[in-house]
Amino acid sequence: TGVQWCALPISSQNLAVGKFSTSVRDRHYLSLRYGWDGNNQPNGAGLRSAPSAWATSTNAFHSFNANDSWILGRQVFNESVIQLQTFRNEIPGAIDRPSLMFPNGVTAGANPNAPQATEQRKWQLRHDTSWTVDSGPGLGHTLKAGVNWIHEPRLFISTKSGVAGFFTMAANDVNGPVQQVQVIGGAAETNIPLDVVGLYAQDDWKVSRRLSVNLGLRWDVVTGMPIDQSRSPNFAVMQAAGARGRFEGTPLADFGQSTRPDRNNLQPRIGFTFDTRGNGRDIIRGGWGVYTDFAYTNTNALTASIDAAGGAGIVFFAQNPTGLRRADGAFFRATDPLSSIAALNTVDRSLPPLAGQVVSPRLQQPYSRQASLGIVHALDESTTITADVVRVDGRDLNMRLRLNALVNGRRNFADLPIQPNSFAFRTAVSGGTSLYQAAIIGFDRRLTRGLDVTASYTASTSSSNAGAAVDDLDANVIQDV
């Protein structure tokens with residue numbers, strides 16, 4: 001016996017920030033800021049991962065920000081921000097050797113996640129104007145309005161992992177037989193350009209000395225989502241089936257309709273604080289609002305975009321629990337050429353390689369309806385206690401459904417010429433819902449010498465029809481499609 005030592009991969013980070021600010025003229029200020037973050041960390045390293053399967057993930061982030069702010073008169077404040085941001089992640093890896101997975105959980109050979117790269121280039125323009133109004137009902141208004149535009153012409157993803165194969169070994173021996181071989185082929189790269197526009201207006205209204213009301217309205221729209229799937233064979237199949245009424249009354253009912261971006265994202269909001277006695281010791285506070293989010297691209301569009309760009313998927317698949325055998329009858333080994341088991345390939349190479357994912361033509365951005373109500377009570381000048389209840393209803397959560405499962409010996413989509421016609425086929429829809437409810441109590445005590453003591457306790461429950469993660473929902477939940 002002996003001990004083999006190897007150098008462990010380490011993480012590192014380098015940061016740089018530069019800022020210039022000047023007063024252009026009285027009550028007019030300009031600032032320029034540059035930030036850089038370069039870091040790397042190990043990828044694939046672990047106790048059951050051989051050093052050959054380790055890689056280093058490298059990130060480079062650059063941000064340039066220009067801020068122009070000025071005061072007009074005595075009551076109007078304007079602020080404009082322009083930002084350019086670039087990001088690149090790269091995980092280099094070998095494409096000339098397979099990734100090996102052993103029964104005991106050990107991995108060796110090539111890193112299964114590499115090589116891959118992500119690039120992002122994004123512009124942002126934001127302008128806000130705020131002003132005060134002393135006339136009208138109540139004691140006064142603080143008004144604010146603004147626009148935010150994000151232009152992201154490049155969100156590029158490329159991966160070549162699996163092009164040399166994922167080999168599942170039949171024994172814990174690198175020279176042992178191989179029971180499964182899966183090889184990925186095709187052009188696994190895509191660009192997902194996006195534009196996001198947001199408009200808002202709000203009014204912080206001092207109704208009386210005891211009551212304040214906050215009113216707001218926001219609207220957001222994302223262009224570039226749903227993605228262009230006109231070149232996706234699977235999307236064409238699903239659209240044709242939907243037009244025939246194949247998915248009526250199911251979570252896939254939007255298929256068959258024209259592609260349309262989500263534009264109905266009006267988000268009203270209202271909040272209030274009420275001093276019950278007028279002395280600041282007992283406050284009732286609450287609010288309600290609608291808040292639109294932006295779905296994680298990997299959840300809804302990444303794989304479907306690769307399929308629409310030409311596709312990348314399984315080009316070779318062979319399996320034998322006792323071990324694959326070559327034409328001469330001998331066991332296939334990890335060092336043998338793939339051509340020695342070419343006859344065992346179960347993939348139809350006349351079809352383009354596709355991962356098998358499509359996006360609903362009417363995909364919605366997720367949003368939540370949030371409500372809260374609470375009280376604040378001052379025990380004395382230095383001590384307060386709080387109690388609040390919160391409810392958040394999530395709607396239109398994006399999720400990828402694996403609906404092509406075997407149900408009573410038949411696949412749901414057996415009658416459709418999709419690729420692959422297996423459990424791997426997924427549809428991205430915005431049918432997820434969630435519910436979060438919480439009760440929160442807090443205590444705050446201001447001590448001497450600038451020291452505060454704060455404590456809080458939260459009792460909460462949460463539920464979702466998306467399972468523990470957005471990919472967990474399967475045919476056990478939805479079967480009639």
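The shown structure was predicted, so the numbers you read here are calculated from the model rather than taken from an experiment.
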With no hydrogens and no angle check, just 3.5 Å: does a side-chain donor-acceptor pair link [X] and [Y]?
{"X": "Q13", "Y": "D37", "result": "yes"}
{"X": "T159", "Y": "S161", "result": "yes"}
{"X": "T56", "Y": "N40", "result": "no"}
{"X": "T190", "Y": "S305", "result": "yes"}
{"X": "D228", "Y": "S230", "result": "yes"}
{"X": "Y29", "Y": "D68", "result": "no"}
{"X": "H127", "Y": "N78", "result": "yes"}

Exercise. Please assess R126 against E79 for the test salt bridge (charged side-chain N to carboxylate O under 4.0 Å, His left out), listing each intermediate value before the final yes or no.
Key: CA-CA 8 Å; R126 196 190 79 205; E79 182 179 32; 3.7 Å; yes
Distance from [X] atom [atom1] to [Y] atom [atom2], nearest 0.5 Å?
{"X": "F272", "Y": "L373", "atom1": "CZ", "atom2": "CG", "answer": "5.5 Å"}
{"X": "T132", "Y": "D204", "atom1": "OG1", "atom2": "CG", "answer": "11.5 Å"}
{"X": "L435", "Y": "R391", "atom1": "CG", "atom2": "CZ", "answer": "4.5 Å"}
{"X": "I91", "Y": "N43", "atom1": "CD1", "atom2": "CG", "answer": "4.0 Å"}
{"X": "R33", "Y": "Q83", "atom1": "CZ", "atom2": "CD", "answer": "8.5 Å"}
{"X": "Q364", "Y": "M225", "atom1": "CD", "atom2": "CE", "answer": "12.5 Å"}

Whether the side chain of [X] engages the backbone of [Y] through a donor-acceptor N/O pair (distance < 3.5 Å, no angle test) should be reported.
{"X": "R260", "Y": "L363", "value": "no"}
{"X": "S464", "Y": "T433", "value": "yes"}
{"X": "D195", "Y": "G224", "value": "no"}
{"X": "R269", "Y": "V290", "value": "yes"}
{"X": "D262", "Y": "Q365", "value": "yes"}
{"X": "N398", "Y": "N300", "value": "no"}
{"X": "Q267", "Y": "N265", "value": "yes"}
{"X": "Q229", "Y": "V359", "value": "yes"}
{"X": "R281", "Y": "E381", "value": "no"}
{"X": "Q85", "Y": "W123", "value": "no"}

Quiz item: D444 and R446: salt bridge (charged side-chain N to carboxylate O under 4.0 Å, His left out), yes or no, with the steps?
Solution: CA-CA 7 Å; D444 183 80; R446 188 170 63 252; 5.6 Å; no
Exercise. Using ring-ring contact (aromatic ring centres under 6.0 Å, His included) as the criterion, list what pairs up with F167, not counting sequence neighbours.
Key: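 Residues passing ring-ring contact (aromatic ring centres under 6.0 Å, His included) with F167: F332.
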Exercise. Can you sort out the partners of W70 under ring-ring contact (aromatic ring centres under 6.0 Å, His included), two or more places apart, ordered by chain and number?
Key: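 W70 satisfies ring-ring contact (aromatic ring centres under 6.0 Å, His included) with H28 only.
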Self-check item: Working for salt bridge (charged side-chain N to carboxylate O under 4.0 Å, His left out), residues D388 and R285
Solution: CA-CA 9 Å; D388 295 271; R285 60 189 181 188; 2.8 Å; yes
Quiz prompt | Result of checking V196, I150, I82 against Q124 for side chain to side chain contact (heavy atoms under 4.5 Å, CB included) | solution =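 Only match with Q124 under side chain to side chain contact (heavy atoms under 4.5 Å, CB included): I150.
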Quiz item: So with a 6.0 Å cut-off around NZ of K206, is the heavy-atom count from everything else above 12?
Solution: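 More than 12 within 6.0 Å, yes.
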Quiz item: Any chance OH of Y296 has more than 12 other-residue heavy atoms, nucleotides or ligands included, within less than 6.0 Å?
Solution: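 Atom OH in Y296 is not packed in, count stays at 12 or less.
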Pairwise side-chain contact, [X] with [Y], heavy-atom cut-off 4.5 Å (strictly under):
{"X": "F443", "Y": "T384", "value": "no"}
{"X": "W288", "Y": "S372", "value": "no"}
{"X": "S430", "Y": "R395", "value": "no"}
{"X": "W54", "Y": "P42", "value": "no"}
{"X": "V76", "Y": "I71", "value": "no"}
{"X": "T223", "Y": "P261", "value": "no"}
{"X": "R27", "Y": "R25", "value": "no"}
{"X": "M399", "Y": "N465", "value": "yes"}

Practice problem: Let me see the working for F61 and N89 under side-chain contact (heavy atoms from CB on, under 4.5 Å), right down to the final yes or no. | Solution: CA-CA 9 Å; F61 174 81; N89 166 263; over 6 Å; no
Exercise. Would you check, one step at a time, whether the test side-chain contact (heavy atoms from CB on, under 4.5 Å) holds for N148 with V197?
Key: CA-CA 6 Å; N148 184 44; V197 177; over 6 Å; no
Charged N to carboxylate O under 4.0 angstrom, [X] versus [Y]?
{"X": "R209", "Y": "D275", "value": "no"}
{"X": "E119", "Y": "R154", "value": "yes"}
{"X": "R445", "Y": "D380", "value": "yes"}

Quiz item: Going through the distances and angles, do Q41 and N59 end up as a side-chain hydrogen bond (donor to acceptor under 3.5 Å, both in side chains)?
Solution: CA-CA 9 Å; Q41 55 277 143; N59 301 285; 2.9 Å; yes
Quiz item: D220 and Y200: side-chain hydrogen bond (donor to acceptor under 3.5 Å, both in side chains), yes or no, with the steps?
Solution: CA-CA 9 Å; D220 291 281; Y200 78 93; over 6 Å; no
Quiz item: Please walk me through it: do S258 and R362 pass side-chain hydrogen bond (donor to acceptor under 3.5 Å, both in side chains)?
Solution: CA-CA 8 Å; S258 60; R362 298 292 177 92; 3.2 Å; yes
Self-check item: Stepwise side-chain contact (heavy atoms from CB on, under 4.5 Å) test for L397 and S434
Solution: CA-CA 8 Å; L397 307 184; S434 65; 3.7 Å; yes
Quiz item: Between L100 and V174, is a side-chain contact (heavy atoms from CB on, under 4.5 Å) present by the stated rule, with each step listed?
Solution: CA-CA 8 Å; L100 310 180; V174 70; 4.0 Å; yes
